[in-house]
Amino acid sequence: MGRYVLRRLLQMIPVFIGTTFLIFVMVHALGDPVNALFGDKAPDPAVAAQIRAQYNLNDPLWLQYVKYMGNLFRWDFGTTFSGQSVTSLLATAYPATLQLTAVAFTIEVVFGIGFGLISGLRRGGVADNSVLILTLVVISIPTFVTGYVLQYLIGVKWGIVPATAGDPLTLQSLLLPGIVLASVSLAYVARLTRTTVAENSKADYVRTATAKGLPRRRVVINHLLRNSLIPVVTFLGTDLGALMGGALVTERIFNIHGVGFYLYQGIVRQNSNTVVGFVTILVIVFLAANLLVDLLYAVLDPRIRYA
């Protein structure tokens with residue numbers, strides 16, 4: 001197992017370099033950030049030249065990337081055009097998004113797997129059809145529509161939870177945005193769990209466990225669900241990073257100054273250091289989540305062993 005983890009970590013290095021380089025190129029292809037900084041007004045040539053020299057914008061793109069990576073190993077993500085350190089923005093934004101993601105991910109796992117298990121065990125019944133219809137409706141509605149509707153009904157009209165997250169963030173204030181952020185992923189997890197449970201319920205090992213006289217709960221939890229969760233865990237691993245990156249709409253609706261908020265500001269203002277810095281951390285999250293998924297395979301299925 002240790003050799004496998006080491007090998008995977010070494011494989012992540014070229015993936016990380018290639019991914020960050022592509023992101024770096026695409027962000028700098030958006031246009032001239034100096035012109036975007038001044039908006040409709042033409043910048044003074046001397047001031048524009050000074051800004052380009054300060055942020056190494058006159059260098060070739062590959063040299064800018066090399067300098068960026070050199071600073072990255074010192075945990076220096078550069079500065080914004082306003083002079084604020086990107087590292088300080090990361091320290092401000094990521095705790096908020098991590099809290100929101102934790103709430104959303106918990107809701108997604110608990111209710112998604114729970115609804116999918118109930119639906120898969122009662123395939124063709126009322127519960128199964130209800131879950132399929134409900135999840136299809138959730139997938140079909142855009143997130144911003146779900147967010148504004150739930151914000152008005154639950155937060156404003158009924159006053160069950162706060163309509164906006166506010167500061168400081170609390171579990172109560174994050175509950176509603178967590179539901180909104182997790183809604184689509186929860187629907188996919190429920191449908192995926194339902195499919196795998198329904199398929200594996202007819203497998204030989206389930207019939208053998210039942211024939212041995214094992215309790216129904218033990219057959220479902222220890223045998224059926226454990227093997228059915230392998231594709232679900234794969235989806236959850238990739239979705240963990242997607243939740244953090246996809247929180248832009250949810251954070252704007254509920255006034256949460258997290259990753260999505262600062263990414264949006266960076267894209268609108270073409271502040272390349274902000275965008276690249278935030279996306280770089282998301283890449284690290286994706287890579288770590290995929291490694292964790294691979295290791296969980298061996299826990300869920302004893303037949304899987306890593307040399």
Side-chain angles (χ1 to χ4, degrees), residues 16 19-20 23-24 26-28 30 33-34 36-37 39 51 54-56 64 67-108 143-144 147 151 155 161-182 185 239-289:
F16 175 75
T19 306
T20 52
I23 294 168
F24 197 86
M26 288 187 291
V27 169
H28 283 78
L30 294 175
V34 177
L37 178 64
I51 294 175
Q54 179 181 353
Y55 291 95
N56 302 315
Q64 294 183 43
K67 292 181 178 179
Y68 171 78
M69 291 300 292
N71 293 329
L72 185 62
F73 287 115
R74 299 193 298 270
W75 205 247
D76 180 10
F77 292 87
T79 58
T80 66
F81 290 132
S82 61
Q84 189 173 6
S85 170
V86 176
T87 305
S88 65
L89 292 180
L90 291 169
T92 301
Y94 266 93
T97 298
L98 285 173
Q99 293 179 60
L100 174 60
T101 303
V103 173
F105 192 73
T106 302
I107 294 172
E108 174 185 349
T143 302
F144 68 89
Q151 183 184 47
V161 294
T164 56
D167 190 26
L169 297 175
T170 61
L171 179 60
Q172 184 180 14
S173 64
L174 287 174
L175 186 59
L176 185 56
I179 294 173
V180 173
L181 181 60
S185 297
D239 192 56
L240 181 60
L243 285 175
M244 297 182 66
L248 190 151
V249 175
T250 306
E251 289 180 355
R252 287 184 61 81
I253 292 174
F254 294 96
N255 193 32
I256 301 173
H257 289 190
V259 172
F261 174 82
Y262 287 105
L263 265 178
Y264 174 79
Q265 296 293 329
I267 293 172
V268 169
R269 300 172 184 176
Q270 293 187 17
N271 200 321
S272 56
N273 284 343
T274 301
V275 178
V276 174
F278 275 84
V279 177
T280 297
I281 299 298
L282 288 177
V283 170
I284 296 175
V285 172
F286 269 105
L287 293 176

Sequence neighbours excluded, the answer for side-chain contact (heavy atoms from CB on, under 4.5 Å) partners of L287 is M12, V15, F16, V283

So [Y] and [X], do their side chains get closer than 4.5 Å, heavy atoms only?
X    : Y    : value
R74  : N71  : yes
L181 : E251 : no
V86  : T79  : no
F144 : R252 : no
L89  : F278 : yes
T20  : Y68  : no
I23  : T280 : no
F254 : L100 : no

For residues Y262 and T92, is any side-chain donor paired with an opposing acceptor at under 3.5 Å?
->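 No - no donor-acceptor pair under 3.5 Å links their side chains.
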
Does any N or O in the side chain of T97 come within less than 3.5 Å of the main-chain N or O of V259, such that one atom is a donor and the other an acceptor?
->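 Yes, T97 side chain to V259 backbone: donor-acceptor pair under 3.5 Å.
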
Does Q99 reach the main-chain N or O of L174 with its side chain, forming a donor-acceptor pair under 3.5 Å?
->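 Checked: no pair found.
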
For residues [X] and [Y], report the shortest heavy-atom separation together with the two atoms involved.
X    : Y    : result
A289 : L240 : CB-CD2, 4.4 Å
A104 : A182 : O-CB, 3.2 Å
S185 : L243 : OG-CD2, 4.0 Å
A96  : I256 : CB-CG2, 4.2 Å
T106 : A102 : OG1-O, 2.7 Å

Working to the nearest 0.5 Å, report the span between [atom1] of [X] and [atom2] of [Y].
X    : Y    : atom1 : atom2 : value
Y94  : L282 : OH    : CG    : 3.5 Å
T164 : I253 : OG1   : CD1   : 12.5 Å
L169 : L98  : CG    : CG    : 11.5 Å
I284 : T19  : CD1   : OG1   : 11.0 Å

Can you check whether W75 and F73 have ring centres sitting under 6.0 Å from each other?
->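 For W75 and F73, the ring centres are not under 6.0 Å apart.
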
